[in-house]
Amino acid sequence: LAKTTQPISMDSYEGQEVNITCSHNNIATNDYITWYQQFPSQGPRFIIQGYKTKVTNEVASLFIPADRKSSTLSLPRVSLSDTAVYYCLVGDMRGSARQLTFGSGTQLTVLP
Amino acid sequence: NAGVTQTPKFQVLKTGQSMTLQCAQDMNHNSMYWYRQDPGMGLRLIYYSASEGTTDKGEVPNGYNVSRLNKREFSLRLESAAPSQTSVYFCASSARLTEAFFGQGTRLTVV
C-alpha cells in the first residue's frame with residue numbers, strides 16, 4: 001500500500017483558492033488517487049479521483065504530475081461550508097478491498 | 001435513495017455488555033467496510049467484506065466480530081464492550097475500491 005503524507009491543517013479565507021498537496025512516493029503503476037471530504041459528525045464523502053494529469057468536476061480539480069509521486073486537490077473560491085477534513089487515498093482499484101485505508105487527513109478551516 | 005443506513009445512531013453501553021451495529025446498503029455494492037473514528041483522528045479499518053460470504057480483518061479487529069448476512073447487510077458485534085471502544089463507527093460500501101459511500105455513523109459510548 002502506498003503511504004500518503006498530507007499537511008495536518010490549513011487555514012484559508014472565503015473566496016480564495018485552496019490547494020492541498022498529498023505526497024505518495026511509493027505509488028504503484030495501477031494505483032488511483034482519490035480524495036474524500038468529511039464534515040463534523042458525518043461520514044466521508046467522495047470528492048474526486050484521478051490517475052494522471054488533471055481531473056475536474058463541479059466541486060474540485062485534481063492535479064497529478066507526470067511522476068505521480070504527489071497530487072494536489074484544488075478547491076476554487078472556498079466558502080465557510082468547505083471547512084472540513086480532506087483525505088487523500090491511494091489504491092489499486094483491482095486489488096484487495098483492504099486498500100481503502102484513510103490517514104489522518106488535512107483539517108481545512110475557512111475563515112470569514 | 002437511502003444509500004448506506006446504520007442503526008442505531010447513538011448507543012450507551014456498560015462495560016461488558018454486548019451489542020450489534022447494523023449496516024445496510026441499497027446500491028448493490030460488493031464490498032462493505034466497518035471503520036472507527038476516535039476524536040480528532042482519522043478512520044481506522046476494523047473489518048471489511050470484499051464480497052458476500054467473505055470477511056477479513058483490517059487494522060484494528062480485536063474485540064469485534066462481523067457478519068456479512070447477505071449482499072446488502074454487514075453487521076459489527078461487540079461481544080464484551082470496553083471503554084476503549086468508545087468511538088464513532090462508520091459503515092461504508094463500494095462497487096469500486098476507492099469510491100466508497102458512507103453511512104451517517106453510530107456514536108457509541110462505553111461507560
Side-chain angles (χ1 to χ4, degrees), chain A residues 1-9 22 24 27-28 30-51 55 57 59-60 62 64 68 71 73 84-109, chain B residues 2-6 9-10 21 23 25 27 29-61 66 68 71 74 87-108:
Chain A
L1 299 176
K3 178 178 170 57
T4 60
T5 303
Q6 307 175 229
I8 293 173
S9 64
C22 179
H24 28 80
I27 190 168
N30 295 323
D31 286 346
Y32 278 70
I33 299 154
T34 311
W35 286 80
Y36 284 81
Q37 174 190 57
Q38 186 180 25
F39 297 115
S41 301
Q42 294 187 25
R45 180 176 73 110
F46 172 88
I47 301 176
I48 197 166
Q49 184 178 74
Y51 183 80
V55 179
N57 61 23
V59 176
L62 179 59
I64 306 168
R68 304 201 326 123
S71 58
L73 175 72
V85 178
Y86 292 83
Y87 297 96
C88 165
L89 280 71
V90 174
D92 181 350
M93 295 204 302
R94 301 170 304 170
S96 165
R98 196 183 197 289
Q99 293 191 37
L100 191 60
T101 55
F102 289 73
S104 297
T106 298
Q107 171 67 58
L108 172 65
T109 302
Chain B
V4 178
T5 303
Q6 292 182 232
K9 288 185 171 54
F10 301 93
L21 281 64
C23 176
Q25 52 95 5
M27 296 171 283
H29 287 165
N30 285 324
S31 299
M32 296 187 73
Y33 313 81
W34 275 106
Y35 293 88
R36 62 176 287 174
Q37 186 171 36
D38 299 329
M41 307 289 288
L43 285 82
R44 291 186 292 171
L45 182 64
I46 305 172
Y47 271 93
Y48 67 99
S49 171
S51 61
E52 183 179 356
T54 68
T55 61
D56 284 286
K57 296 178 180 179
E59 304 169 68
V60 289
V66 291
R68 184 73 183 266
K71 192 169 187 179
F74 189 38
S87 189
V88 180
Y89 292 84
F90 289 103
C91 176
S93 71
S94 69
R96 297 187 298 167
L97 284 177
T98 52
E99 183 176 355
F101 295 82
F102 284 78
Q104 287 301 298
T106 296
R107 192 172 299 273
L108 175 67

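Quick note on labels: first sequence line is chain A, next is B, and so on, each numbered from 1.
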**Given Trp35(A), Phe102(A), Phe46(A), the one that forms ring-ring contact (aromatic ring centres under 6.0 Å, His included) with Tyr87(A)** = Phe102(A)

**Asked** Between Gly105(A), Pro44(A), Gly43(A), which shows the greatest number of heavy-atom pairs under 4.5 Å with chain B?
**Response** Pro44(A)

**chain B contact via Gln38(A) - side chain, backbone, both or neither, heavy atoms under 4.5 Å** = side chain

**Request:** With sequence neighbours excluded, tell me which residues meet side chain to side chain donor-acceptor pair (under 3.5 Å) with Asp38(B).
**Result:** Arg36(B), Arg44(B), Ser87(B)

**Prompt:** Sequence neighbours excluded, which residues qualify as ring-ring contact (aromatic ring centres under 6.0 Å, His included) partners of Phe101(B)?
**Reply:** His29(B)

**Asked** Of the backbone (N, CA, C, O) and the side chain (C-beta and beyond), which part of Gln6(B) lies under 4.5 Å from a heavy atom of chain A, both, or neither?
**Response** neither

**Prompt:** Going by the angle between their ring planes, with limits at 30° and 60°, are Phe74(B) and Trp34(B) parallel, tilted or perpendicular?
**Reply:** tilted

